[in-house]
Protein chains: 2
Amino acid sequence: MTSPQPPRRPSGQPRVPENYDPADFVPFAVTVDLAVFTVRESRLHVLLVERGEEPYLGHWALPGGFVRPRESAGQAARRELAEETGLSPDTVAGLRPEQLRTYSDPDRDPRMRVVSVAYTALVPDLPEPRGGGDAAQARWTPYDELGRLAFDHGRILADGRRRIGAKLEYTCLATAFCPPEFTLGELQQVYETVWGVVLDRPNFRRKVLTSPGFVEPVEGPPRRTGGRGKPAALYRAGAATALHPPLLRPEGRTTP
Amino acid sequence: MTSPQPPRRPSGQPRVPENYDPADFVPFAVTVDLAVFTVRESRLHVLLVERGEEPYLGHWALPGGFVRPRESAGQAARRELAEETGLSPDTVAGLRPEQLRTYSDPDRDPRMRVVSVAYTALVPDLPEPRGGGDAAQARWTPYDELGRLAFDHGRILADGRRRIGAKLEYTCLATAFCPPEFTLGELQQVYETVWGVVLDRPNFRRKVLTSPGFVEPVEGPPRRTGGRGKPAALYRAGAATALHPPLLRPEGRTTP
DNA sequence: CTCCTTAATAGTCACATTGACTATAAAGGC
DNA sequence: GCCTTTATAGTCAATGTGACTATTAAGGAG
């Protein structure tokens with residue numbers, strides 16, 4: 001059952017299950033960590049902040065921080081995202097960080113027992129973070145140029161990447177990586193970048209356009225230049241959230 | 001970043017982010033809750049325990065309990081599953097509770113701040129729990145006969161059900177509901193029960209048998225009686241873990 | 001022992017989706 | 001104008017799936 005008689009105060013004497021030694025009890029700290037992804041120049045990037053204190057001083061880490069006494073982990077995730085990344089309030093307001101999983105290894109933080117609830121968020125390319133809150137600086141880093149990160153953040157990012165790769169298959173999530181109006185070529189870039197594959201353009205196009213509610217055409221000026229070549233039509237995200245049938249990645253290989 | 005200067009002891013004065021009032025700080029308790037599902041008599045059942053204390057005294061709740069100082073949430077989940085359900089050690093040893101998500105609403109426990117990491121587990125029908133640990137009693141309850149559960153456990157079960165329904169589509173997880181050797185009819189029962197639909201038998205059969213590694217035939221006595229009718233061949237779970245292409249539920253409706 | 005019921009297994013056929021291609025259209029740079 | 005580049009249109013075969021029909025192998029009733 002949940003929480004049988006937790007200590008009311010650190011000095012209280014809780015009723016505990018057998019084999020449980022009250023002397024071992026220490027409070028847990030609960031934090032959130034954010035795995036924020038974007039696609040930039042056809043490469044997957046993640047948002048990192050530089051740690052300003054020990055342990056891992058000077059190392060790169062995921063943005064995040066404590067969950068406060070009166071907020072949920074989800075609220076903390078949105079707050080930290082705004083505080084630490086320096087993204088515009090408008091940008092942050094549109095994001096829906098999604099819970100990834102919780103990391104609770106007893107030794108994941110050398111100082112004390114910290115349980116962290118990790119979230120993923122997908123953003124379009126535009127914003128360049130500057131760092132805020134207590135993060136020394138924040139920046140986008142290509143996913144495949146990551147060095148060793150603080151704590152278990154490397155593992156969190158690997159889990160996050162696998163998750164978003166899978167979600168691209170059966171949800172309309174890919175549009176979250178794109179600006180409000182985008183071309184099908186840009187959308188395809190998202191898939192190719194996250195999955196690390198090359199897709200056939202006409203087939204991709206057909207699949208997206210025949211999936212009801214995935215994208216809807218933008219009426220106005222039906223074109224826009226990306227440089228040379230024929231101008232592409234613009235689309236925006238549709239109302240659908242799931243993709244039926246799914247858009248499976250080639251070969252069924254789950255990129256590890 | 002993760003855990004910038006947490007309080008070392010309840011009286012310590014931590015460095016905190018702006019807008020953060022140290023006086024508000026209270027330690028979090030961290031628990032695990034288990035959503036254990038089985039299929040019994042063509043109905044989805046969940047494992048519940050009766051609470052022996054306030055709050056929610058006498059209400060039914062999910063098995064679970066505190067995460068101990070030196071164990072991870074996953075270890076706690078396995079331990080509680082063994083302690084509180086009274087399932088045989090052999091049965092429990094084969095289970096791989098999978099993390100569902102973390103529930104952290106500030107008011108989910110009226111006594112104090114409790115963050116709970118929820119897990120799902122799927123078991124074959126056989127075992128009848130007796131309750132152990134500090135659970136007054138434990139029993140299987142049909143999913144659609146649930147009353148109001150303690151805390152937010154009703155919501156956890158709803159999330160867990162949705163998750164396993166989705167995982168049946170693209171993983172080989174369904175075999176976890178079956179005994180070591182099973183017929184294709186039993187496997188189909190699992191899908192029909194969890195999804196709440198009726199499937200075409202020949203088509204289901206074809207799909208399962210052509211999915212490499214989903215099931216493998218048992219050599220020995222190639223039959224077994226379930227009552228009347230032609231005896232069915234026996235199979236056991238194969239080595240595959242993912243299903244490519246997936247076995248999509250009819251109509252693409254995500255049972256809410 | 002024969003017929004009837006029940007359930008498993010085998011097989012068929014049309015249709016939808018997909019992967020691999022080919023062809024055409026509309027821009028910019030010389 | 002011609003070449004390059006990119007978007008868009010369309011074709012065709014292989015595959016997977018939904019809806020069926022047929023056959024096989026039990027147990028039970030008479």
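All figures in this text were calculated on a predicted structure; none of them were measured in a lab. In what follows, chains are A, B, ... by sequence order, proteins preceding strands, each numbered from 1.
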> Which nucleotide, C:dA20, D:dT8, D:dT17, lies nearest any side-chain atom of B:Pro245?
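Nearest nucleotide to the side chain: D:dT17.
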
> Can we say B:Arg139 and B:Glu50 salt-bridge, meaning some charged N sits less than 4.0 Å from an Asp/Glu carboxylate O?
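No, B:Arg139 and B:Glu50 are not salt-bridged.
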
> 5'-most contact on DNA chain C: A:Asp200 or B:Arg206, nearest heavy atom basis?
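With A:Asp200 and B:Arg206 compared, the 5'-side residue is B:Arg206.
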
> Check B:Arg43 with B:Glu145, please: is the shortest side-chain N to carboxylate O separation under 4.0 Å?
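Salt bridge between B:Glu145 and B:Arg43, a charged N being under 4.0 Å from a carboxylate O: yes.
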
> Give the nucleotide from the list C:dA26, D:dA26, D:dT8 with an atom nearest to the side chain of A:Pro231.
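So the nucleotide nearest the side chain must be C:dA26.
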
> Output the rounded distance in Å from CZ (A:Phe182) to P (D:dT6).
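Checked: the CZ to P distance equals 20 Å.
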
> D:dA7, D:dA19, C:dT18: which one has an atom nearest the side-chain heavy atoms of B:Asn203?
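When the side chain of B:Asn203 is considered, D:dA19 is the closest of D:dA7, D:dA19, C:dT18.
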
> Whole angstroms only, please: what is the CZ-P distance between A:Arg201 and C:dA20?
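The answer, rounded to whole Å, is 16 Å.
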
> Any chance the rings of A:Tyr235 and A:Phe182 have centres within less than 6.0 Å?
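Centroid separation for A:Tyr235 and A:Phe182: 6.0 Å or greater.
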
> Distance check needed: C:dC4 P versus B:Lys230 NZ, whole Å only.
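Going from NZ in B:Lys230 over to P in C:dC4 covers 21 Å.
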
> Got a donor-acceptor contact below 3.5 angstrom from the B:Glu80 side chain to the B:Ala77 backbone?
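Absent.
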
> Could you tell me the separation between the CG atom of B:Leu248 and the P atom of D:dG18, rounded to a whole number of Å?
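Those two atoms, CG and P, are 8 Å apart.
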
> Calculate the interatomic distance between A:Lys207 atom NZ and C:dG19 atom C1'; express it in whole Å.
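Those two atoms, NZ and C1', are 13 Å apart.
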
> Measure CG/A:Leu209 against C1'/D:dA9 and give the value in whole Å, please.
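It is 12 Å, rounded to the nearest whole Å.
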
> From the set C:dT22, D:dG16, D:dT6, return the single nucleotide nearest to any side-chain atom of A:Pro202.
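For the A:Pro202 side chain, the nearest candidate turns out to be C:dT22.
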
> Using whole Å, what does the distance between atom C1' of nucleotide C:dT9 and atom CD of B:Gln188 come to?
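Interatomic distance, CD of B:Gln188 to C1' of C:dT9: 13 Å.
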
> Within less than 4.0 Å of OP1 or OP2 of C:dA10, is there a side-chain N or O belonging to B:Arg205?
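Answer is yes, contact under 4.0 Å.
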
> Rounded to whole angstrom units, what separation is found between the CZ atom of A:Phe204 and the P atom of D:dT6?
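About 17 Å, once rounded to whole Å.
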
> Is it true that A:Asp159 and A:Arg162 make a salt bridge, defined as a side-chain N closer than 4.0 Å to a carboxylate O?
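The answer is yes: the pair qualifies as a salt bridge.
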
